[in-house]
Protein chains: 2
Amino acid sequence: MAVTISDVARAAGVSKGAVSYALNGQAGVSEETRQRILGAAKELGWRPSLRARSLSSSKAYALGLVVARNPRLLGTDPFFPSFIAGIETTLADRGYSLVLTVAAKHGAEEASYRRLVHEGRVDGVILSDVRTDDPRIALLLELGLPAVTLNRPTAASPFPAVCMDDTEGISSAVQHLVDLGHTRIAHVGGTQHYIHGLSRRTAWANTLKRNGLEPDLFIEADFGAQQGTEATARLLQLDRKPTAIVYANDIMATAGLSYLHQQGLRVPADVSITGYDNTEYAQYLNPALTSIGSDPLLWGSTAAQVLLNQLEGKHDGQDIILPEPQLIVRGSTAEPPA
Amino acid sequence: MAVTISDVARAAGVSKGAVSYALNGQAGVSEETRQRILGAAKELGWRPSLRARSLSSSKAYALGLVVARNPRLLGTDPFFPSFIAGIETTLADRGYSLVLTVAAKHGAEEASYRRLVHEGRVDGVILSDVRTDDPRIALLLELGLPAVTLNRPTAASPFPAVCMDDTEGISSAVQHLVDLGHTRIAHVGGTQHYIHGLSRRTAWANTLKRNGLEPDLFIEADFGAQQGTEATARLLQLDRKPTAIVYANDIMATAGLSYLHQQGLRVPADVSITGYDNTEYAQYLNPALTSIGSDPLLWGSTAAQVLLNQLEGKHDGQDIILPEPQLIVRGSTAEPPA
DNA sequence: AGAAAGAACTGAACCGGTTCAGTGAGGGAC
DNA sequence: GTCCCTCACTGAACCGGTTCAGTTCTTTCT
């Protein structure tokens, strides 16, 4: 079969233990012997068995990601594929793997984390889609599972966070609209239960207030196309109709755009709109969508790095702040109608 | 620490071996004893250690998926997230996990498969994005790694395939256009190197021939927006300009639509277009995009099932044929200009 | 010079399962 | 009554690493 540690030990004329020490860079072997052992290992083409290692060291050499989304809607979101790719760029280098779980139903999420722990599949998890008072924080603590969170949770969390603040992006979108002369700027927010839903709304509101405008045109939706349409419809029924709508993501903006067209409104002549995510198709919409472009790839690779460092006791516990997503102005924003 | 097989054996008054037999439903214990053992296990809350099992049984209890895509473009594709969710629905039920790998660079793909095998991370892999004469078939054979392929490869493959034929969808799109009166129907294809790129082109060509039309308006692109735009531009420069364009996916169609608008052409009044995938945003384009809707979720869950059955020796080797994706007619197709 | 400390390495236990050879009891055939 | 077979189960080896308690030899300190 495959070559084992015993083969290497025999070839190098030492004991199994010595080989283990040499491999892991631990004390207990002289530099000379270490080289001889590593030489023999190389010659024999030895790769230590991950399974044996896992068993004796109680480590999985893998990280987990639990995605709690309706599978049918998952394809909508441009975030995850890139984010996962980012995680992978880090893991591949470090000999770790990613175990991915999709929790469709609500109760399935907690069960997924429990299963990952009980089966010892992973050494830690990356917590995305953090919610206000996220119950998973307590769950992970109970399970004793190390983690890193995307953005700092509102609930007290002992885990390091990797933050990509959406404030600046949203603020500059709103400011951009104010500068164009808009005074009735609405926000179609995502689920406020998610901290990124909430923070986008807050950024929108704060920027309006800074400009002496009232942040009263708000409707909560769920980041999905359907509710994006409905929210847009409700805004149009108001007495105080908006001349600009800041959507919390591109898909809602896209659905809103479609609805506005159906109602005979021109974008941006009658209504300006902005999205968030800078989805690839955003630039091909008619008109091209002004959006805010984040960097999920960087977010993923950084989160994985922080978690691995944490596992190795090398992380200082500080949150990592990533560059803020930037506004990308395109054709969907213009001066308000006279 | 956690309760082990020895604890259960002691509690039930039998040996470790007996517990193992009882757990795995093997012969060697009487029904009475089996019940007693299972009872004791339940009482103690015993969960057999995946790691120990993996080591002694040489199995990983996990499947692998290697995605070879440029990470930046990965977010574009609505296929993978849903597909992965489908895989998960099957795996979660069977106690397996999914190990996901993203291979950014070209050489990284082979390395990924090798690593999964050498580290014993997975018991089998799902092969997506199958290419003509796909070199991975030989690689997997060399590595002795079981697999299932999405659609039947052109190269001889001993692996079972789970097929979702794109022929009918494309055919009915072309037929739909012919029925509307179009005679110059172009195809902007995806990479022909992928079997789904090739088969869509073939379906387009065959349907035209069946209707006595010449399939001469073909341009190969790479399934990406940029090349979708360029291909559209080239089609418009031809003497024999198309009045309809069948794109191999939605993102190219979307980019094409944008370009047509820029050129002052109206869709569908001047040019009809169709996509493929039925991305969520397709219905929100202006005009809404006629597309072909596949079912990645079903594809994923079925592929995982077939592979697991295969691993347990329960699969008969037959290919599985899934329902064909269907045409969804929307506003982007109409009669050709007079 | 003698004691103590440290470095280099060995041997065996251990992680928690699976599996196989072996044992003893019970039953059926002749 | 004897032989043989089957069934139910045990004990130990095994998977391939990690880790800890010892052993031996060298160095350092007083």
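Order of the sequence lines sets the chain letters (A, B, ...), proteins ahead of strands, with each chain counted from 1. From a predicted model like this one, the values you see are computed outputs, not experimental measurements.
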Looking at [X], I'd like to know whether one of its side-chain N or O atoms comes within less than 4.0 Å of OP1 or OP2 on [N].
| X | N | answer |
| --- | --- | --- |
| B:Ser30 | D:dC7 | no |
| B:Arg53 | C:dT18 | yes |
| A:Trp46 | D:dG17 | yes |
| A:Ser56 | D:dT18 | no |
| A:Thr4 | D:dG16 | no |
| A:Gln26 | D:dT18 | no |
| B:Thr33 | D:dA8 | no |
| B:Ser15 | D:dT10 | yes |

Return the value, rounded to whole Å, for the distance between atom [atom1] of [X] and atom [atom2] of [N].
| X | N | atom1 | atom2 | value |
| --- | --- | --- | --- | --- |
| B:Arg51 | C:dT18 | CZ | P | 16 Å |
| A:Glu32 | C:dA8 | CD | C1' | 11 Å |
| A:Leu55 | D:dG16 | CG | P | 12 Å |
| B:Ile5 | C:dT18 | CD1 | C1' | 8 Å |
| A:Lys59 | D:dT19 | NZ | P | 8 Å |
| B:His118 | D:dG16 | NE2 | C1' | 16 Å |
| B:Leu50 | C:dT18 | CG | C1' | 14 Å |
| A:Arg47 | D:dC15 | CZ | C1' | 19 Å |

*Looking at D:dC7, does its base get a donor-acceptor pair with the side chain of B:Tyr21 below 3.5 Å?*
no
*N/O donor-acceptor pair, side chain B:Lys16 with base C:dG17, under 3.5 angstrom*: yes
*Considering only heavy atoms from C-beta outward, does the side chain of B:Arg47 approach that of A:Glu119 to under 4.5 Å?*
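Heavy-atom side-chain distance check fails, nothing below 4.5 Å.
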_Just so I know, are the side chains of B:Ser128 and B:Leu65 near enough to count as touching, which here means a heavy-atom distance under 4.5 Å?_
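Of all side-chain heavy-atom pairs linking B:Leu65 with B:Ser128, at least one is under 4.5 Å.
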*Can A:Arg53 be said to sit on top of A:Tyr61's aromatic six-ring, NZ or CZ under 6.0 Å from centre and within 45° of the ring axis?*
yes
Pick base, sugar-phosphate or nothing for [X], based on heavy-atom distances below 4.0 Å to the nucleic acid.
| X | value |
| --- | --- |
| B:Ser20 | base |
| B:Val19 | nothing |
| A:Gly13 | sugar-phosphate |

*Quick one: which of C:dT18, D:dG17, D:dC9 gets closest to the side chain of A:Ser49?*
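Of all the options, the side chain of A:Ser49 is nearest to D:dG17.
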*Could you tell me which non-hydrogen atom of B:Ile37 sits nearest to which non-hydrogen atom of B:Val8, and how far apart they are?*
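Reported closest heavy-atom pair: O-CG1, 4.1 Å.
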*Between A:Arg51 and B:Ser54: side-chain donor-acceptor atoms closer than 3.5 Å*: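 There is no such pair (donor and acceptor under 3.5 Å, judged by atom type) between the side chains of A:Arg51 and B:Ser54.
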*By nearest nucleotide on DNA chain D, pick out whichever of A:Leu23 and B:Val14 is the more 5' one.*
B:Val14
*Please figure out whether B:Ala52 or B:Ala18 has its closest DNA chain D nucleotide nearer the 5' end.*
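That would be B:Ala18.
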*With under 30° as parallel and over 60° as perpendicular, where do the rings of B:Phe80 and B:Phe83 fit, or are they tilted in between?*
perpendicular
